[in-house]
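Here the structure is laid out as structure tokens; the discussion comes afterwards.
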Amino acid sequence: MKEFVKLQKLQKGDQVAVISPSNGLPEISPEVYELGLKRLQEVFGLVPKEYLTTRKMNSSLQGRARDVMAAFSDPQNKAVFTSIGGEDQILLIKYLDAEIIKQNPKPFVGFSDNTHIHNFLWSLGIPSYYGGAIMTQFGMQNEMYDMTVGSIHKALFK
């Protein structure tokens with residue numbers, strides 16, 4: 001049976017990374033993205049930190065990989081959230097440094113194309129959470145689903 005590291009739980013006031021390792025759609029739909037960030041702050045009490053390619057379409061694989069590495073490397077980040085999925089992330093994996101990520105394990109939350117990072121983390125024994133992207137589950141019209149809020153609390157918080 002595979003052994004996984006035990007991740008620290010989040011607390012209100014924690015800084016979390018928000019990255020776009022697959023697609024920079026926040027550039028095209030800033031209103032939805034901003035709503036998702038607002039809910040990350042107001043519903044969960046987290047402080048988002050964005051990276052260089054988060055709001056940029058057509059960023060290079062190397063640039064997006066640098067953001068992934070920076071997000072995991074920063075000890076102030078207590079988790080890593082994705083803005084949305086995409087379609088070419090499998091090509092990004094070769095630019096990630098497994099040793100640095102193993103030394104800095106933290107919850108990773110994303111869906112769709114982010115499955116490639118989930119699989120990468122699984123191979124390192126780091127748990128991750130499928131779902132909860134900023135532009136989809138967090139950026140829902142009207143309000144987030146109660147089930148989503150409850151599930152994120154249960155998975156990530158003390």
Side-chain angles (χ1 to χ4, degrees), residues 4-59 63-89 92 96 100-101 103-122 126-158:
F4 287 86
V5 299
K6 184 168 175 66
L7 299 173
Q8 288 188 339
K9 294 291 188 174
L10 300 181
Q11 299 179 57
K12 286 188 176 192
D14 280 348
Q15 175 179 294
V16 296
V18 179
I19 59 174
S20 296
S22 293
N23 202 320
L25 283 176
E27 179 180 33
I28 294 174
S29 298
E31 305 84 11
V32 175
Y33 179 66
E34 290 293 336
L35 178 58
L37 289 179
K38 180 179 176 185
R39 290 196 179 128
L40 186 67
Q41 295 169 76
E42 292 179 357
V43 175
F44 297 97
L46 299 173
V47 179
K49 178 180 179 181
E50 295 181 58
Y51 287 81
L52 294 175
T53 65
T54 304
R55 294 184 189 233
K56 294 182 182 170
M57 286 294 293
N58 304 314
S59 293
R64 289 180 278 149
R66 276 192 301 275
D67 284 357
V68 173
M69 295 307 304
F72 274 94
S73 297
D74 186 342
Q76 297 301 312
N77 290 333
K78 303 305 180 192
V80 179
F81 287 82
T82 60
S83 65
I84 199 158
E87 60 189 26
D88 68 351
Q89 191 179 94
L92 173 137
L96 302 182
I100 290 175
I101 291 175
Q103 293 169 15
N104 298 283
K106 52 195 70 173
F108 174 80
V109 183
F111 82 112
S112 186
D113 199 36
N114 293 296
T115 299
H116 299 294
I117 292 179
H118 288 294
N119 287 333
F120 180 77
L121 294 171
W122 182 88
I126 300 172
S128 61
Y129 302 91
Y130 188 87
I134 300 301
M135 293 184 72
T136 52
Q137 289 78 17
F138 285 80
M140 297 283 296
Q141 285 186 332
N142 300 319
E143 63 185 18
M144 292 179 72
Y145 291 137
D146 290 339
M147 187 169 89
T148 302
V149 173
S151 296
I152 291 170
H153 272 290
K154 187 173 184 178
L156 299 177
F157 287 82
K158 291 183 178 184

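For the numbers below, each heavy atom of this structure counts, side chains included, while hydrogens, waters and symmetry mates do not. Here the structure is a predicted model, which is why all the values come from computation and not from measurement.
Separation of atoms NZ (K78) and CG (L7) is listed at 12.5 Å; rounding is to 0.5 Å. Here the straight-line distance linking atom CE of M144 with atom OG of S151 works out to 9.5 Å at 0.5 Å rounding. The OG1 atom of T148 sits 11.0 Å away from atom CD of E143, with the distance rounded to the nearest 0.5 Å. Interatomic distance, CD1 of I152 versus CG of L40, reported as 8.5 Å (0.5 Å rounding).
Between F138 and the choices Y33, F81, F111, the ring-ring contact (aromatic ring centres under 6.0 Å, His included) rule is met once, by F81. Paired with I101 under the rule side chain to side chain contact (heavy atoms under 4.5 Å, CB included), one option of I117, V80, I126 passes, and it is I126.
Although no hydrogens or angles enter the test, the distance criterion places no donor-acceptor pair under 3.5 Å between the side chain of D74 and the main chain of A71. In terms of modelled atom types and a separation under 3.5 Å, the side chain of T115 and the main chain of S112 share a donor-acceptor contact. Within the 3.5 Å criterion, the main-chain N or O of V149 finds no donor-acceptor partner in the side chain of K154. Side-chain atoms of D113 come within 3.5 Å of backbone atoms of D88 as a donor-acceptor pair (strictly under, hydrogens ignored). In this structure, H118 contributes its side chain and F108 its backbone to no donor-acceptor pair below 3.5 Å. Of the possible polar contacts, one joining the T54 side chain to the V18 backbone as a donor-acceptor pair under 3.5 Å is found. Using a distance-only test at 3.5 Å, with no hydrogens or angles considered, a donor-acceptor pair links the side chain of T82 to the main chain of V109. In this structure a side-chain-to-backbone donor-acceptor pair under 3.5 Å is missing from R64 to G24. In this structure, the side chain of K106 engages the main chain of F72 through a donor-acceptor pair within 3.5 Å.
Under the 4.0 Å criterion applied to side-chain N and carboxylate O atoms, K56 and D67 are not assigned as salt-bridge partners.
The closest side-chain donor-acceptor pair between N114 and Q89 falls under 3.5 angstrom.
Within the 4.5 Å cutoff, the side chain of K9 has no heavy atoms near those of the L156 side chain. The side-chain heavy atoms of Q76 and K49, taken from C-beta on, include no pair separated by under 4.5 Å. For the pair I84 and S20, the minimum side-chain heavy-atom distance is 4.5 Å or more. Counting heavy atoms from C-beta on, the side chains of L92 and H116 never come closer than 4.5 Å.
R66 is linked by a salt bridge (Lys or Arg N to Asp or Glu O under 4.0 Å) to nothing, counting only residues two or more places apart in sequence or in another chain.
In terms of heavy-atom proximity, I100 sits nearest to S73 at CG2-OG, 3.3 Å.
The 12-atom threshold is not exceeded at NZ of K12, counting heavy atoms of other residues, nucleotides or ligands nearer than 6.0 Å. The number of heavy atoms from other shown groups lying within 6.0 Å of CD (Q15) is above 12.
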